[in-house]
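Below is one structure, written out as structure tokens, with a few remarks after it.
Every heavy atom of this structure was used, including side-chain atoms; hydrogens, water molecules and symmetry mates were not.
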Amino acid sequence: QVQLVESGGGLVQAGGSLRLSCSASGRTFSNYAVGWFRQAPGKEREFVSRIRSIDGRTSYADSVKGRFTTSRDNAKNTVFLQMNNLRPEDTAVYYCAVDSLIWRWSEISADYDYWGQGTQVTVSS
């Protein structure tokens with residue numbers, strides 16, 4: 001019942017910035033945890049960040065901490081991932097996902113119930 005669409009990906013040089021958006025339809029984000037994950041070719045999908053829409057609590061993977069910031073606009077059913085100081089190793093398809101069990105506060109992709117189609121982020125060196 002939740003449809004997610006990511007946008008904002010593209011090609012940037014190392015050190016540059018991108019802002020990804022995750023827009024939802026069908027349900028609001030108010031009572032959900034929204035995670036960002038990424039998957040590079042040949043690699044397992046990995047956790048990037050999460051935000052709890054009801055109170056804005058966030059957490060980040062160590063690899064992006066201090067560089068990425070996730071935020072929300074509940075009125076627009078949109079979650080953002082601001083990515084600064086991008087590195088080539090950040091290159092991946094980025095996905096947003098919703099975990100309906102908000103209290104679980106999971107970093108595991110299998111715990112998320114709804115997924116977008118992903119948006120490609122490519123960082124050149």
Side-chain angles (χ1 to χ4, degrees):
Q1 294 99 18
V2 177
Q3 295 83 44
L4 304 174
V5 179
E6 302 94 339
S7 62
L11 174 64
V12 298
Q13 291 185 321
S17 298
L18 285 172
R19 190 180 75 159
L20 306 184
S21 298
C22 173
S23 297
S25 61
R27 304 281 291 275
T28 69
F29 283 150
S30 296
N31 296 310
Y32 296 91
V34 180
W36 287 97
F37 296 81
R38 66 187 182 187
Q39 189 165 23
K43 294 187 177 181
E44 186 177 359
R45 188 170 298 183
E46 66 174 343
F47 168 78
V48 175
S49 69
R50 61 191 173 189
I51 183 167
R52 191 159 61 190
S53 295
I54 193 167
D55 61 4
R57 180 182 177 184
T58 60
S59 67
Y60 301 89
D62 288 342
S63 59
V64 306
K65 195 172 298 181
R67 301 187 296 121
F68 291 10
T69 303
T70 190
S71 59
R72 75 200 196 281
D73 186 340
N74 288 348
K76 297 181 179 179
N77 284 342
T78 301
V79 168
F80 304 97
L81 183 67
Q82 178 67 45
M83 305 184 295
N84 298 324
N85 193 23
L86 284 161
R87 304 166 179 169
E89 54 263 40
D90 295 319
T91 295
V93 176
Y94 283 71
Y95 300 88
C96 67
V98 168
D99 182 3
S100 60
L101 300 181
I102 187 171
W103 59 89
R104 179 160 53 190
W105 198 230
S106 178
E107 297 182 359
I108 301 171
S109 61
D111 287 337
Y112 284 73
D113 304 300
Y114 306 99
W115 292 80
Q117 296 300 305
T119 185
Q120 177 71 47
V121 172
T122 302
V123 184
S124 62
S125 60

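- Residues Thr91 and Val121 have side chains not in contact (no heavy-atom distance under 4.5 Å, counting atoms from C-beta outward).
- Counting heavy atoms from C-beta outward, Tyr95 and Gln39 have side chains that approach closer than 4.5 Å.
- The cationic atom of Arg45 (NZ for Lys, CZ for Arg) lies less than 6.0 Å from the six-membered ring centre of Trp115 and within 45° of the ring axis.
- Shown here is Gln82, whose CD atom has more than 12 heavy atoms of other residues, nucleotides or ligands within 6.0 Å.
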Q: Please assess Phe47 against Trp36 for the test ring pair (Phe, Tyr, Trp, His ring centres under 6.0 Å), listing each intermediate value before the final yes or no.
A: CA-CA 6 Å; Phe47 168 78; Trp36 287 97; over 10 Å; no
Q.
Set out, in order, the CA-CA distance, both residues' side-chain angles and the distance that settles side chain to side chain contact (heavy atoms under 4.5 Å, CB included) for Leu86 and Phe68, then state yes or no.
A. CA-CA 9 Å; Leu86 284 161; Phe68 291 10; 3.8 Å; yes
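- Side-chain N/O atoms of Gln13 and Ser124 include no donor and acceptor closer than 3.5 Å.
- The shortest non-hydrogen separation linking Tyr112 to Asp99 is CD2-N, 3.3 Å.
- Minimum interatomic distance between Ile51 and Val79 (heavy atoms only, all atoms of both residues): CG2-CG1, 3.8 Å.
- What you find for Tyr60 and Thr70 is that their closest heavy atoms are OH-N, 2.8 Å.
- Nearest approach of Ser17 to Asn85, heavy atoms of both residues: OG-N, 4.2 Å.
- Residue Ile54 is grouped with residue Leu101 when hydrophobic side chains (ILVMFWY) are merged at heavy-atom distances under 4.5 angstrom, including chains of intermediate members.
- The list of salt bridge (Lys or Arg N to Asp or Glu O under 4.0 Å) pairs with a residue in residues 109-125, not counting sequence neighbours, reads Arg104-Asp111.
- The pair Asp90-Arg87 does not meet the salt-bridge criterion, since no charged nitrogen lies less than 4.0 angstrom from a carboxylate oxygen.
- Counted by atom type alone, Ser53 and Arg72 present zero donor-acceptor pairs between their side chains at under 3.5 Å.
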**Q.** Trace of the side chain to side chain contact (heavy atoms under 4.5 Å, CB included) decision for Ile102 with Arg52
**A.** CA-CA 7 Å; Ile102 187 171; Arg52 191 159 61 190; 3.1 Å; yes
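- The two residues Glu6 and Thr119 make their nearest non-hydrogen contact at CB-CG2, 3.9 Å.
- A side-chain donor from one of Thr122 and Gln120 sits under 3.5 Å from a side-chain acceptor of the other.
- Summarising the geometry, atom OG1 belonging to Thr69 is positioned 6.5 Å from atom CG belonging to Asn84; distances are rounded to the nearest 0.5 Å.
- Across Ser23 and Thr78, no two heavy atoms sit closer than the pair OG-OG1, 3.5 Å.
- At least one side-chain heavy atom of Leu81 sits less than 4.5 Å from a side-chain heavy atom of Ser49.
- By the 6.0 Å and 45° rule, Arg38 does not stack over the aromatic ring of Tyr94.
- Side-chain contact between Tyr114 and Leu4 is present, with heavy atoms from C-beta onward closer than 4.5 Å.
- At least one side-chain heavy atom of Leu20 sits under 4.5 Å from a side-chain heavy atom of Met83.
- Residues Tyr32 and Val48 fall within the same hydrophobic cluster, defined by Ile, Leu, Val, Met, Phe, Trp and Tyr side chains chained together at heavy-atom separations under 4.5 Å.
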